[in-house]
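Computed from a predicted structure; not experimentally measured. Each chain gets a letter, A, B and so on, in the order the sequences are listed, and its residues count up from 1.
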Amino acid sequence: MAEEKSLNFIEEIIEADLQSGKHQSIVTRFPPEPNGYLHLGHAKSICLNFGLSLKYGGYTNLRFDDTNPVTEETEYVESIKDDVRWLGFNWKNELYASDYFHHLYDFALLLIRKGLAYVDDSTSEEMAAQKGTPTTPGTNSPYRNRSVEENLKLFQDMKAGVYKDGEKVLRAKIDMAHINMLMRDPVLYRIKHAHHHRTGNEWCIYPMYDFAHGQSDSIEKVTHSICTLEFVPHRELYDWCIKNLEIYPSKQYEFARLNMTYTMMSKRKLLQLVNEKHVSGWDDPRMPTLSGVRRRGYTPEAIRDFCDRIGVAKRENLIDIGLLEFCVREHLNKVSQRRMVVFDPLKVVITNYENGKTELLPSENNPEQEGSGTREMPFSNTIFIERDDFMEVPPKKYFRLAPGQMVRLKSAYIIKCEEVIKDAGGNVVELRCTYLPESKSGQDTSGVHVKGVIHWVNAATALPVEVRLYDRLFRVEDLSTIEDDFRGYLNPESLKAVTAMAEPSMLRASASDRFQFLRMGYFCLDKDSTPQKLLFNRTVTLKDMWAKEQKK
RNA sequence: UGUCCUAUGGUGUAAUGGUAACACAGCAGAUUUUGAUUCUGCUUUUCUAGGUUCGAAUCCUAGUAGGACAACCA
């Protein structure tokens with residue numbers, strides 16, 4: 001008996017539309033502008049749009065909203081397609097607003113003929129002045145009453161390249177006193193003598209968002225056009241265009257965008273971070289971009305689960321980044337292979353273990369996954385353990401290694417610390433321990449029970465690798481509250497690189513592998529890794545109750 | 001001194017006029033050869049004031065708070 005998951009408000013609308021017979025199936029679209037890389041906020045929209053057509057039958061188009069040639073590039077188009085596919089969704093049609101430029105031009109001519117659009121010679125400053133304010137009405141442009149014939153001629157000349165950038169625009173003729181600022185004769189077309197990534201130099205006039213988006217939806221017979229809250233005021237114009245063009249009535253619905261703690265999700269600002277080299281690129285593992293989190297090791301499953309859990313509603317929200325990390329851990333726990341890697345090595349010599357002897361000890365690859373098998377770890381009398389796993393003067397409830405205390409080496413033996421060796425500066429440089437021969441993992445007859453279990457690597461076969469430890473990119477929880485330069489809030493400790501000692505099996509790591517370095521976190525191979533120098537990214541840490549306890 | 005949108009635990013999201021619930025976070029405990037995982041229990045919630053109703057988180061009115069709107073961006 002599967003429990004019914006409650007519907008979000010958009011699903012309710014769709015179910016009502018399906019039930020009333022208004023629609024038999026639905027068409028949605030994901031409409032990115034190719035002027036940047038996709039981020040987690042887009043993932044929410046992608047999961048929503050594609051998820052809806054999957055759930056209710058129908059399809060989703062990928063449509064690039066490429067009406068501003070000066071900011072758009074094919075590099076972005078390719079990255080967007082990669083990211084959507086990686087997230088696990090398939091679009092029905094790959095479309096571009098620029099596919100409709102001729103169609104849109106004809107729509108503009110129609111509006112002019114209907115007396116609903118006019119060519120305006122006002123400068124942008126003059127137009128801004130005409131616009132009024134939210135509380136005071138605007139004033140009519142002196143060019144507002146040009147004849148249909150004159151407007152037709154002027155608009156055709158605009159298209160023919162007679163005018164320079166900014167010299168003229170085409171505006172809708174609605175109402176300069178309208179309560180909705182967007183309805184005060186909005187600009188429909190502007191002149192840009194710029195090379196377009198797809199249409200080249202064919203056009204020198206380009207439609208504005210409001211004269212491209214809704215029409216594209218309509219041409220594609222999109223039933224439910226889903227966008228974020230900032231477009232609420234645009235809906236009136238969206239509907240006005242459809243009504244006056246007498247075209248298929250797509251409907252727009254708005255939901256609240258994703259905001260996350262310690263994260264900034266503005267394409268403009270992310271671009272700035274890239275351009276100013278605060279990060280290594282759009283796919284820097286600290287970036288909230290899909291290419292960034294992918295490189296970091298997040299899985300599409302985890303991101304889809306996250307999008308599912310955060311829900312869809314109309315109120316502003318600030319999601320705890322901890323929820324994302326929870327989703328990532330939950331998935332990675334099930335799929336990642338366990339390995340032992342020591343980040344900050346402390347040498348341990350086991351004095352009663354035969355010198356020169358090496359034995360191979362099996363260790364499970366993934367206790368969460370049946371049949372995942374074991375790999376063998378070499379063991380000898382000299383090993384490395386984590387420096388943090390020894391304390392000369394331990395606090396209470398510390399059940400790792402301390403003078404006279406015992407601990408189990410994971411998948412190996414129980415050892416007891418007998419002697420602490422220090423250098424001239426008083427730093428601990430080596431531990432002398434004894435082991436319990438009858439405590440071998442899996443065949444322990446020692447009868448000794450220790451609470452602490454630590455990871456280790458055999459010194460002679462340890463493999464040095466580079467590990468990159470990431471922390472949040474920003475130091476403040478709610479980036480929307482900062483008023484000055486956001487760059488002042490970057491976390492200087494967001495990236496730390498360490499050379500760690502890995503068990504020799506890591507030599508066989510491949511790009512698609514997911515690892516849990518025991519007690520340290522989840523890791524994956526970075527794209528810059530080479531066989532000579534393995535490089536790992538920390539995806540996310542493990543939950544650490546002990547660390548939390550210590551902070552109290 | 002306008003219009004629109006929104007208001008439920010710390011954070012999100014449900015409850016669709018009939019016992020306010022789920023997840024994350026937090027706290028406590030059990031299990032554990034990862035202080036992980038798993039399991040158990042607990043803390044904490046309807047912005048305010050009126051109204052409609054047998055009954056309101058839900059409907060109505062007003063207030064308050066937050067957000068959006070004055071780009072030839074999307």
If you compare every side-chain N and O of [X] against the phosphate oxygens of [N] (OP1, OP2), does one of them come in below 4.0 Å?
| X | N | result |
| --- | --- | --- |
| K314(A) | G67(B) | no |
| R315(A) | U13(B) | yes |
| R235(A) | U3(B) | no |
| T67(A) | C73(B) | no |

Atom [atom1] of [X] to atom [atom2] of [N]: distance rounded to whole Å?
| X | N | atom1 | atom2 | value |
| --- | --- | --- | --- | --- |
| L229(A) | A68(B) | CG | P | 10 Å |
| E125(A) | A71(B) | CD | P | 11 Å |
| N259(A) | G12(B) | CG | P | 9 Å |

Could you point out which residue of F384(A), F536(A), F523(A) forms a ring pair (Phe, Tyr, Trp, His ring centres under 6.0 Å) with F343(A)?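 When F384(A), F536(A), F523(A) are each tested with F343(A), the ring pair (Phe, Tyr, Trp, His ring centres under 6.0 Å) holds only for F523(A).
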With both distances under 3.5 angstrom, what nucleotide forms a Watson-Crick or G-U wobble pair with A28(B)?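 Answer to the pairing question: U40(B), which forms a Watson-Crick or G-U pair with A28(B).
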Tell which nucleotide pairs with A65(B), taking only Watson-Crick or G-U wobble pairs whose two distances are both under 3.5 angstrom.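 With both distances under 3.5 Å, A65(B) matches U6(B).
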Strand-adjacent residues in residues 174-189 of chain A, judged by heavy atoms under 4.0 Å from RNA chain B: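 Those residues whose heavy atoms fall under 4.0 Å from RNA chain B, taken from residues 174-189 of chain A in numerical order, are I179(A), M181(A), V187(A).
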Could you check whether K159(A) makes a cation-pi contact with Y105(A), meaning its NZ or CZ is under 6.0 Å from the centre of the six-membered ring and within 45° of the ring axis?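 The answer is yes; both the distance and angle limits are met.
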Distance criterion of 3.5 Å, no angle test: do you see the side chain of H234(A) paired donor-to-acceptor with the base of A74(B)?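 Result: at least one qualifying N/O pair found.
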Per-nucleotide protein contact string for nucleotides 21-35 of chain B (B base, S sugar-phosphate only, - none; heavy atom under 4.0 Å): --SS-SSS---BBBB
